[in-house]
Amino acid sequence: MEEAGTLKISVIIPYVNENIYMDDCLDSLEEQTCRDFEAVVVCDHSSQETIDRLRRREVSFPITILELTGQRTGVAAARNAGTGRSRGEFILFLDCDDYLEKTALEELLRCMAGDKDIVRCGLRDTWYGRAVYYDNGEELDARNNESASGHKEEMDMTVLGLLIRREFLAQQDITFDETYRYYADLPYVARLLGSGGRVSGTEKILYLKRKHNDPVRLPSLSQIPDDKNKIQEVLRAYCQMKSVLSGEEENILDEKFIRYFMNKIAPWFLTAEREEAEEVFGQFLRCCPLLRDEAVGRVPADARKLFRYAKGHSTAKVVRKLRRTRTVKTWGRVIRSRAACKKYLYQKVFQKMKLRENMVVFESFLGRSYSDSPKYIFEYLSQREPGRYQCIWILNKKISLPYPAKCVRRYSFRYFYYVARARYFVFNNRQSRDFVKRDGMVFLETWHGTPLKKLALDMGEVMASSPLTKQEVYHHACEWDYLIAPNRFSADIFRRCFLYKGKLLETGYPRNDILHLGSKERQERARKTRNTLGIPEGRKVILYAPTWRDDEYYAPAKHSFHLQMDLGMMQRELGSEYVLLLRTHYYVAERLDLSEYRGFVYNVSDHDDIAELYLAADLLVTDYSSVFFDYANLRRPILFFTYDLEKYRDILRGFYIDMEEELPGPMLFTTQEIIDTIGNLDRMQERYKERYHIFYEKYCGWEDGNASQRVVETVFGRG
């Protein structure tokens with residue numbers, strides 16, 4: 001190591017082309033209350049474009065950019081190289097996808113008072129970047145850490161969040177072992193703790209460790225699936241750590257190791273190749289004599305029994321024991337749980353039955369409604385091929401269908417029976433996590449709208465569902481045989497955001513066929529819908545269809561909704577001429593109390609088919625919902641109530657189009673602006689006439705009323 005300079009802290013940052021995270025990392029350093037530090041960024045075989053971008057980045061603190069070349073690679077090598085070029089009295093390791101609280105360096109230095117060698121701070125996992133985290137990410141993380149799948153890393157001793165005296169590292173000759181790819185922290189931290197250094201710390205959260213929500217394209221090391229190499233690294237690290245740790249630290253290590261065996265090694269044995277399993281098991285047995293008996297005695301009984309059994313038996317016998325144990329646990333769940341019983345029958349009985357070649361399962365919005373493109377494909381198929389197909393509708397409520405079909409509740413016993421046996425599936429959302437595609441099945445994904453908001457793998461932050469939604473969407477999309485696109489714009493986005501490789505149907509949406517009926521038939525359908533809703537004769541209709549906000553998520557697939565439109569003002573100013581239909585997104589779980597606006601506001605959120613509401617409406621008010629792409633097929637007025645435009649665009653989602661340049665109607669920010677614009681609709685329509693025409697050609701040009709026919713002929717072969 002070189003001699004330290006006058007700087008207090010050197011922040012070492014390994015970096016591998018992770019542009020989307022690095023800005024947050026450097027911004028957190030830019031805002032540190034302590035200014036006596038430098039950053040050493042070590043680019044591990046990064047692209048020249050990435051390195052040039054980093055060099056152009058303006059910062060107010062000293063920064064050194066190094067490049068790893070040749071055979072040297074990995075986090076361990078990058079940290080060693082950065083430490084060698086650093087000048088600070090203290091060293092702090094910061095991963096490029098993480099960030100620090102503003103007072104982190106100042107508070108860690110304060111804890112160093114009294115000649116400490118190592119100071120540790122509180123560390124928190126987060127799924128979010130700084131903007132979202134400081135807005136409401138802490139609450140979201142509390143929920144998502146419970147709902148996100150996967151084990152927390154059992155061997156989680158980390159160098160992150162430690163401030164280390166440089167002189168201490170030199171005296172003890174502590175460096176990272178560059179032969180480790182995944183777990184270089186383990187032996188390094190063990191040497192730190194086992195070298196007799198003076199350790200202090202604070203429980204305050206100063207280090208934010210960001211978890212990757214896109215493990216498909218940009219997995220962190222911990223998200224790379226377990227294989228022989230990862231497991232062997234842990235076993236090797238454990239042996240090294242045992243040679244330097246003692247006392248309570250050693251007991252903690254032993255307990256972590258046993259949990260790692262239970263949660264990682266044992267399940268891996270069930271799927272591993274025999275030769276690999278034998279090799280790993282032999283290495284595991286060499287670790288067993290190092291375990292303290294008291295550590296084994298403190299773990300849960302089932303783990304203790306399995307661990308002791310593994311020490312005295314062969315790999316094959318351990319695998320058989322694991323399978324027996326899993327079978328017993330499965331039967332225990334089946335006996336105790338109706339839900340587990342359904343899944344067991346689905347996996348072990350129904351999926352082994354022969355596929356029904358003429359059976360078609362339809363589902364719209366997860367069984368919430370009889371609507372959208374699946375509805376119109378079903379009706380076209382039933383009209384043109386009566387009796388040819390056995391149709392099954394997944395519906396969570398009783399409804400009278402216009403053509404023969406069985407209605408089945410989602411996740412009922414009959415549901416699992418039919419989804420195991422049907423050849424065709426038509427749905428407009430992601431399939432269930434429990435749904436396994438069998439050979440011979442055909443999946444038709446209709447999707448449910450032209451995307452305005454960033455979608456699937458194109459999204460940055462994920463706040464509206466599980467943080468691992470991107471991974472789930474990708475795995476689901478890999479099973480789709482057909483995906484419908486309503487226009488060229490959507491086709492290009494769907495290919496990218498889903499990483500979709502199946503057949504793209506450039507047909508337009510079947511759900512919009514109804515919007516291209518003849519004038520008389522459209523008027524008749526509009527009249528029937530108005531009568532059904534009880535709208536007085538002679539009143540004009542405003543359809544208000546706002547989307548949900550990602551930051552109003554409060555549980556998986558559940559959202560609250562806070563209405564920003566002043567309904568009282570709307571009623572006073574427009575109530576003599578108009579009624580307002582309020583249609584909230586199907587994600588929204590809570591209902592609004594609209595009783596004081598009775599006669600003016602109609603809550604139509606439960607009306608299954610929004611296309612019928614389009615026909616009944618004289619104008620649409622929306623925000624960032626994709627409904628306006630469909631409503632534009634009618635060439636009727638559209639207003640955009642975008643009161644939170646900057647937050648939605650810059651923090652919550654982001655858009656695919658430039659709204660200021662492309663929208664076929666005005667962007668309004670207050671209720672009064674909406675009222676004034678409705679009072680001057682003719683002037684507004686004239687102003688946006690040319691833009692509306694361009695918009696229609698781009699987004700509605702494939703729609704002609706025959707999308708259902710084109711889809712059915714392609715997927716089912718006849719129509």
Between [Y] and [X], is the closest basic N to carboxylate O distance under 4.0 Å?
X: E662; Y: R691; result: no
X: D458; Y: K454; result: no
X: R181; Y: E233; result: no
X: R259; Y: D254; result: no
X: E461; Y: K211; result: no
X: D125; Y: K209; result: no
X: R72; Y: E67; result: no
X: E89; Y: K8; result: yes
X: E49; Y: R53; result: no
X: D98; Y: R210; result: no

On the six-membered ring of [Y], is [X] placed so that its NZ or CZ lies under 6.0 angstrom from the centre and within 45° of the ring axis?
X: R236; Y: Y180; result: yes
X: R165; Y: F90; result: no
X: K453; Y: Y624; result: no

I need the single residue from D177, D44, D185 that forms a salt bridge (Lys or Arg N to Asp or Glu O under 4.0 Å) with R79. Which is it?
D185
So with a 6.0 Å cut-off around [atom1] of [X], is the heavy-atom count from everything else above 12?
X: Y474; atom1: OH; value: no
X: Q48; atom1: CD; value: yes
X: E294; atom1: CD; value: yes
X: E248; atom1: CD; value: yes

F261 vs F284 aromatic rings, parallel, tilted or perpendicular, using cut-offs 30° and 60°?
parallel
Close side-chain approach of F655 and L645, heavy atoms under 4.5 Å:
yes
With M157 as partner, the option from I252, L192, L193 fulfilling side-chain contact (heavy atoms from CB on, under 4.5 Å) is L193
M22: which of V41, T50, D97, N17 passes side-chain contact (heavy atoms from CB on, under 4.5 Å):
V41
Distance-only donor-acceptor check, side chains Q471 and D214, under 3.5 Å:
no
Which pair of heavy atoms, one from F176 and one from A76, lies closest together, and at what distance?
CB-CB, 3.7 Å
Ring pair (Phe, Tyr, Trp, His ring centres under 6.0 Å) involving Y656 - partner list, sequence neighbours excluded
none
